[in-house]
Every structure is written in C-alpha cells, then in structure tokens.
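Notes follow the structure.
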Amino acid sequence: MPRTKAIVSIENVVASASINQKVDLNLITKNFVDVEYHPDQFPGLVFRLKTPKTATLIFSSGKMVCTGAKSEELARKAVQEVVRRLKKGSIPIKNEAEVQIQNIVASANLGGKVHLEEAARTLPKSMYEPEQFPGLIHRMADPKTVILLFASGKLVCTGAKRESEVYRAVNNLHVLLEEKNLMIY
C-alpha cells in the first residue's frame, strides 16, 4: 500500500443521452428565454441548469450531451431535469432519456513528488517529453484511461466511464509508483 492516500476529485462527467425522437429547437427557444441557440454557428441548443451546474447540448435529432456534472448520478439527474423542464414548458416529449456516461475527468494528488524521468523508463505505455509538455502521459490498459502525471505528484485522469474506474486507475498507478520507488516523500 502507498504511504499516502491519493486525494481524488471528479472534475467533469460527460454524458450522452437520447429521447429517440425529433425535437423542435426553435420551439424550445420560444418557450425558454435563457437557452442559447445560434444555428448558423452550431447545430445544437445549449440548455444550462444551475442545479446541478451543467450545460446540456440538445440537437434536433433528440440526442443530447451533458457536461459539467461532478458525478455520474448528477449527470443522469441533470439530463432528467432538462427533459422534465422541456415537458413542463410544453415541448412534446414522449420518451424518457437514455443516458450513457462517455467520459469522466478527475484530478488527484498522490501526496508526494514523482521521478518522471525514471517513471517514463519504468512504466509501460508512458511518454515523457518535458520540452513539449511538463507531464508524463501514461496510457493504462485496465481500466482503460489516460493519466497525465506531474512531478508534483498531481495528476489528471481521463477516459473512465465509471467513477470506480477513476479510483482504480489512480490507486493502481499509485501502488505501481510506490513499488518501483518512484515516489519522493
């Protein structure tokens, strides 16, 4: 076990959703004054919620993309809340949204510094070119994630589809760095 416990923070959960029907974006714009829709610039409408603080892109196909949630549960709740508000605002919606988590971005602090040069030589599927980017890029096979690891011991994990995968990826990397004596406390 590592000497310190990694402090992990979920920063952003991206979810896709579909209500499996066409949606009239112009009607939504008429019925909701606070949405953003500029079809000449982008085909989607932006529907923001204050709670949970998210932005949901809605496309005329009935597909949606929700960003900004801090957990899988909040991403699902945000999409459900958007659909609820659309229905309440006289937008004809027959179906509930089918939500799928696409990506989770998290940050973490391992609680110690990391020998990046040595880690790049030791860790499989790692790349470190400090002239181009100050962090080591580590592609983890299981769970399938990409971790940007910095000398400070801080990292960014992306590519996870479940929160449990984030914690597993961070813990697996932390244990590996400890086993290889790549951490400085």
Side-chain angles (χ1 to χ4, degrees), residues 4-25 27-29 31-38 41-111 135 137-140 142-150 153-174:
T4 58
K5 185 152 173 50
I7 299 164
V8 178
S9 173
I10 304 291
E11 303 296 340
N12 185 24
V13 177
V14 178
S16 64
S18 179
I19 52 171
N20 296 308
Q21 70 177 70
K22 298 269 182 231
V23 182
D24 184 345
L25 300 182
L27 182 60
I28 296 173
T29 304
N31 294 8
F32 294 86
V33 291
D34 54 350
V35 299
E36 295 169 37
Y37 183 45
H38 307 286
Q41 296 170 19
F42 184 72
L45 176 144
V46 182
F47 196 114
R48 294 182 198 283
L49 293 178
K50 285 190 175 74
T51 311
K53 191 170 188 287
T54 55
T56 301
L57 297 174
I58 305 172
F59 298 92
S60 60
S61 64
K63 294 193 184 303
M64 302 179 193
V65 177
C66 175
T67 63
K70 298 291 184 186
S71 71
E72 290 177 63
E73 182 188 0
L74 287 176
R76 292 179 200 286
K77 281 184 176 172
V79 171
Q80 290 164 351
E81 179 62 15
V82 167
V83 171
R84 189 190 71 74
R85 288 189 189 185
L86 290 174
K87 287 178 179 177
K88 194 175 168 190
S90 302
I91 307 301
I93 294 179
K94 302 182 289 273
N95 309 308
E96 289 305 311
E98 295 169 18
V99 182
Q100 244 189 335
I101 305 301
Q102 296 299 326
N103 185 29
I104 299 175
V105 178
S107 62
N109 187 340
L110 300 178
I137 301 165
H138 178 63
R139 296 183 189 286
M140 193 170 280
D142 184 33
K144 193 171 188 293
T145 54
V146 175
I147 294 179
L148 306 177
L149 178 64
F150 300 92
K154 292 183 178 173
L155 63 82
V156 174
C157 176
T158 186
K161 304 263 189 210
R162 309 194 73 90
E163 289 173 43
S164 60
E165 291 177 355
V166 170
Y167 291 98
R168 199 158 50 93
V170 171
N171 188 52
N172 289 354
L173 180 63
H174 200 183

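- Using a 4.5 Å heavy-atom cutoff, the side chains of I91 and D24 are not in contact.
- Heavy-atom minimum distance, N31 versus G89: ND2-O, 2.7 Å.
- To the nearest 0.5 angstrom, K88 atom NZ is 14.0 Å from I93 atom CD1.
- Here NZ of K161 is found 7.5 Å from CD of Q100. Values are rounded to the nearest 0.5 Å.
- A distance-only check finds no donor-acceptor pair linking the side chain of N109 to the backbone of I7 [under 3.5 Å].
- Counted within 6.0 Å of NZ on K87, heavy atoms from surrounding residues, nucleotides or ligands total more than 12; the atom is thus considered enclosed.
- Between M140 and I147, the closest side-chain pair of non-hydrogen atoms falls below 4.5 Å.
- Using a 4.5 Å cut-off on side-chain heavy atoms (C-beta onward), M64 and F47 make no contact.
- At least one donor-acceptor pair under 3.5 Å links the side chain of T4 to the backbone N or O of L110.
- With hydrogens and angles ignored, the 3.5 Å screen pairs a side-chain donor or acceptor of K70 with a backbone N or O of E11.
- Of all the heavy atoms in N95 and I19, the pair that sits closest is ND2-O, 2.7 Å.
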Stepwise, does the ring-ring contact (aromatic ring centres under 6.0 Å, His included) test hold for F42 with F59?
CA-CA 10 Å; F42 184 72; F59 298 92; 5.8 Å; yes
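- To the nearest 0.5 angstrom, K77 atom NZ is 11.5 Å from T51 atom OG1.
- One distance of note links OG of S90 with CD1 of I28; it measures 12.0 Å at 0.5 Å rounding.
- By the 4.5 Å heavy-atom criterion applied to side chains, I58 and L86 are counted as neighbours.
- Side chains of N12 and T67: no donor on one and acceptor on the other come within 3.5 Å.
- With T145 contributing its side chain and P143 its backbone, the two residues share a donor-acceptor pair below 3.5 Å.
- Applying side chain to side chain contact (heavy atoms under 4.5 Å, CB included) to S16 and the options Q102, K63, E98 leaves one that passes, Q102.
- Note on E81 versus R84: salt bridge recorded, some NZ/NE/NH1/NH2 to OD/OE distance being below 4.0 Å.
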Working note: D142 + R168, criterion side-chain contact (heavy atoms from CB on, under 4.5 Å); need CA distance, chi angles, decisive distance, verdict.
CA-CA 9 Å; D142 184 33; R168 199 158 50 93; 3.4 Å; yes
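- Of all the heavy atoms in P43 and L25, the pair that sits closest is O-CD1, 3.5 Å.
- Contact record, A78 with C66: CB-SG, 3.8 Å, taken as the closest heavy-atom pair.
- Here the side chains of I101 and V14 are not in contact, with every heavy-atom distance at 4.5 Å or above.
- Side-chain contact between I10 and S71 is absent, with no heavy-atom pair separated by less than 4.5 Å.
- Across every non-hydrogen atom of V99 and A15, the tightest pair is CG1-CB, 3.9 Å.
- What you find for F32 and V35 is that their closest heavy atoms are O-CG2, 3.3 Å.
- Inter-residue side-chain proximity for V65 and T56 is flagged as unmet; no heavy-atom pair is nearer than 4.5 Å.
- The 12-atom threshold is not exceeded at CD of E96, counting heavy atoms of other residues, nucleotides or ligands nearer than 6.0 Å.
- Of the possible polar contacts, one joining the E163 side chain to the E72 backbone as a donor-acceptor pair under 3.5 Å is found.
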